[in-house]
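These figures come from a predicted structure and were not determined experimentally. All ligand and atom numbering here is 1-based and tracks the order in the structure.
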Amino acid sequence: MVAHADWSALRESETARILAACTRCGRCAEVCPMMPYAEGAAGVSAATLVEGVLEVLSGGEGGAGARGWISVCTRSGVCNAACPEAVNPRLMLRLAKWRANETGVLPKRDASEAMARVKAFARLGFSEREQEEWL
Ligand code: SF4
């Protein structure tokens, strides 16, 4: 119980810190290696993408590009090294994703295909007998 309360307080204080510290310079978006895979982000300025992420973090919808960026973040941390304000944009995106899942602006992950993928990978390492028994 205490841990949950601590986590919620930490999350809220980090959210407030990030919203206040970020200057919307866009460096984190410019250097992100996942940006080419972010749906809706092509042609959107880095500053606008960051503004959208902060909007999602605040409980809003953000733009499609910002949501696309949040969705594809793999936590590389390249953004953290580029941020001149020590905002921790990796955490910014992570917290924005949590908020987006809560507010429903990002669709919940569809896990219906997950088992088929697990089986496909398992076949690579299992003998035929093991596959018959376990898959
Ligand atoms: S998180 Fe850092 S790099 Fe990204 S826009 Fe804000 S200040 Fe700039």
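- Here the side chains of Lys97 and Asn101 are in contact, with some heavy-atom distance below 4.5 Å.
- In this view, Glu85 and Thr23, Cys83, Val87 satisfy the side-chain contact (heavy atoms from CB on, under 4.5 Å) rule, not counting sequence neighbours.
- Ser13 meets the side-chain hydrogen bond (donor to acceptor under 3.5 Å, both in side chains) test with no other residue; sequence neighbours excluded.
- Between Leu54 and Met92, the closest side-chain pair of non-hydrogen atoms falls below 4.5 Å.
- Rounding to the nearest 0.5 Å places CG of Asn88 at 7.5 Å from CD of Glu14.
- Take a cut-off of 2.8 Å around atom 8 (Fe) of ligand 1: the protein N, O or S atoms inside it are Cys25 SG.
- Residue pairs satisfying the side chain to side chain donor-acceptor pair (under 3.5 Å) criterion with at least one member in residues 36-60, sequence neighbours excluded, are listed as follows: Arg24-Glu51, Ser45-Thr48.
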